[in-house]
2 protein chains.
Amino acid sequence: MHMSKGVEWAIHTLLNLSMLGDDDPVGSAQLAAGHGLPVAYLNKQLQLLVKAELLTSSPGPRGGFRLARDPDSITLLDVVLAIEGNESLFRCTEIRQCGKIAELHTGGNDSAACAVKRAMYRADLAWREALATQKLSDVRRELDMDDPAVTRTVRRVFGRE
Amino acid sequence: MHMSKGVEWAIHTLLNLSMLGDDDPVGSAQLAAGHGLPVAYLNKQLQLLVKAELLTSSPGPRGGFRLARDPDSITLLDVVLAIEGNESLFRCTEIRQCGKIAELHTGGNDSAACAVKRAMYRADLAWREALATQKLSDVRRELDMDDPAVTRTVRRVFGRE
DNA sequence: GGGTGTTTACTCGGATATACGATGTCCGAGTATGAGTGG
DNA sequence: CCACTCATACTCGGACATCGTATATCCGAGTAAACACCC
């Protein structure tokens, strides 16, 4: 029931990129080395971010990844959906319409979604709302408050100063 | 990233039990037949509910499961935690303390939880809050509003009238 | 007839296989770079 | 000296293994009921 590790990786990677300005693209190898991650698998996740239009990629020498939008217009929900897909946490398999109960209960209106589904979806919605109201820029600001020096360190690791 | 099917099964099963009153226990075979579920696996989930003290079990002939508490004091969060465990959706593996960035950044204060973790946990909390504010009795009431006849059908399937 | 011991059948409970998705790895397609060459 | 061509090395992108968890199944331990038997 846990989320993929890719979400954590993606968020940290996006944050790192947001600290560099839009100078030059950064290769997946460098991004992975920054946090000691397996290069190829991180690359897989980055491709998902490209597909979701959160990153842009450039091939060839001096190629790599770059933020596609301002950190102010990227929410945590965007990142989670990009990596995990748009399906909801709870999946209703309509078991209410199977088995003896359903067989004996012919008169019901199947049109309305079952109450269990609706209740669980309300919780899903609250979760998504909480993710959608937190922008990448907010997280970065909070991160700077904790430790203002980290931005310079990141810039140095990626050879920006 | 989906939740276990067991959650859906558990909620429907608990709802069915809540419609019977506290007359007699119901065996896992009957409960499974009600929705066409695999008996042995449903039984596994029911044991989790027993361990979480949402159900009580009686062995031997005419044994089975019974609600341990009033549906008014069981929340959807209780059910989810019983089946899925108490771990949060997002698991922080502290990658910020690995790799080149961490090696070069010696001065940071590791004591504070990282901002990413905190942000994701806020969303987790909103989700749990939304689950905790929905009681089993609420869902059942909503279900009755949709189709008042279903309770009688359930009682009939389990031989209560 | 009533009480008691025993058998029995039914229940839960946990140990054991299988399937699917997350995780991790690898190699090929494509391109910007830079060198080399000719004008 | 400049423009063009070509080889090159580096990048992303997607196809291929491996691992862990969710799913599904099975069999044994335990118990309450029912029966037979004895008092």
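Fair warning: this is a prediction, and the values are worked out from it, not measured in the lab.
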request  = Look at all strands and tell whether A:R66 reaches a base, only sugar-phosphate, or nothing, counting heavy atoms closer than 4.0 Å.
outcome  = nothing
message = Quick one, A:R122 with B:E142, criterion salt bridge (charged side-chain N to carboxylate O under 4.0 Å, His left out). Give me CA distance, side-chain angles, the key distance, then yes/no.
response = CA-CA 13 Å; A:R122 280 193 287 269; B:E142 207 170 326; 3.1 Å; yes
ask   = Nearest to the side chain of B:P61 - C:dG24, C:dT23, C:dC10?
value = C:dC10
query = Can any side-chain N or O of A:Q45 pair as donor or acceptor with the backbone N or O of A:V7 at less than 3.5 Å?
reply =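 Here the side-chain-to-backbone pair does not exist.
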request  = Keeping the roles fixed (side chain from A:D124, backbone from A:L89), state whether a donor-acceptor pair exists under 3.5 Å.
outcome  = yes
What is the separation between atom [atom1] on [X] and atom [atom2] on [N], rounded to the nearest whole Å?
X: A:H2; N: C:dG21; atom1: NE2; atom2: C1'; value: 15 Å
X: B:L42; N: C:dG14; atom1: CG; atom2: P; value: 15 Å
X: A:R62; N: C:dT33; atom1: CZ; atom2: P; value: 8 Å
X: A:Q47; N: C:dT23; atom1: CD; atom2: P; value: 16 Å
X: B:Y41; N: C:dA15; atom1: OH; atom2: C1'; value: 15 Å
X: B:M3; N: C:dG21; atom1: CE; atom2: P; value: 17 Å
X: A:L37; N: C:dA22; atom1: CG; atom2: P; value: 19 Å

message = Below 4.0 Å from chain B heavy atoms, what is the first contacting nucleotide of DNA chain D and what is the last?
response = D:dT23 to D:dA32
key: Spacing of CZ belonging to B:R91 relative to OG belonging to A:S4, to within rounding of 0.5 Å   = 8.0 Å
message = So, taking the atom named CG in A:L31 and the one named CG in A:N43, what distance separates them when rounded to the nearest 0.5 Å?
response =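 These two atoms lie 9.5 Å from each other.
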remark   = The answer to which of A:F65 and B:Q45 contacts DNA chain D further toward the 5' end, by nearest nucleotide, is A:F65
Residue met sooner reading DNA chain D from 5', once A:M1 and A:L46 are mapped to nucleotides = A:L46
query = Between the side chains of B:D78 and B:T75, is a donor N or O closer than 3.5 angstrom to an acceptor N or O?
reply =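 Distance-only check passes for B:D78 and B:T75.
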Under-4.0 Å side-chain N/O to phosphate OP1/OP2 contact, A:K44 with C:dT25 =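 Checking A:K44 against C:dT25: no side-chain N or O falls below 4.0 Å of OP1 or OP2.
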task = Could you check A:A40 against B:N43 and say which one's nearest nucleotide on DNA chain C is further toward the 5' end?
result =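 Between the two, 5'-proximity favours B:N43.
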task = Only counting residues at least two apart or in another chain, list the ones meeting ring-ring contact (aromatic ring centres under 6.0 Å, His included) with B:Y41.
result =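 Partners of B:Y41 by the ring-ring contact (aromatic ring centres under 6.0 Å, His included) criterion, ordered by chain and then number, come out as B:W9.
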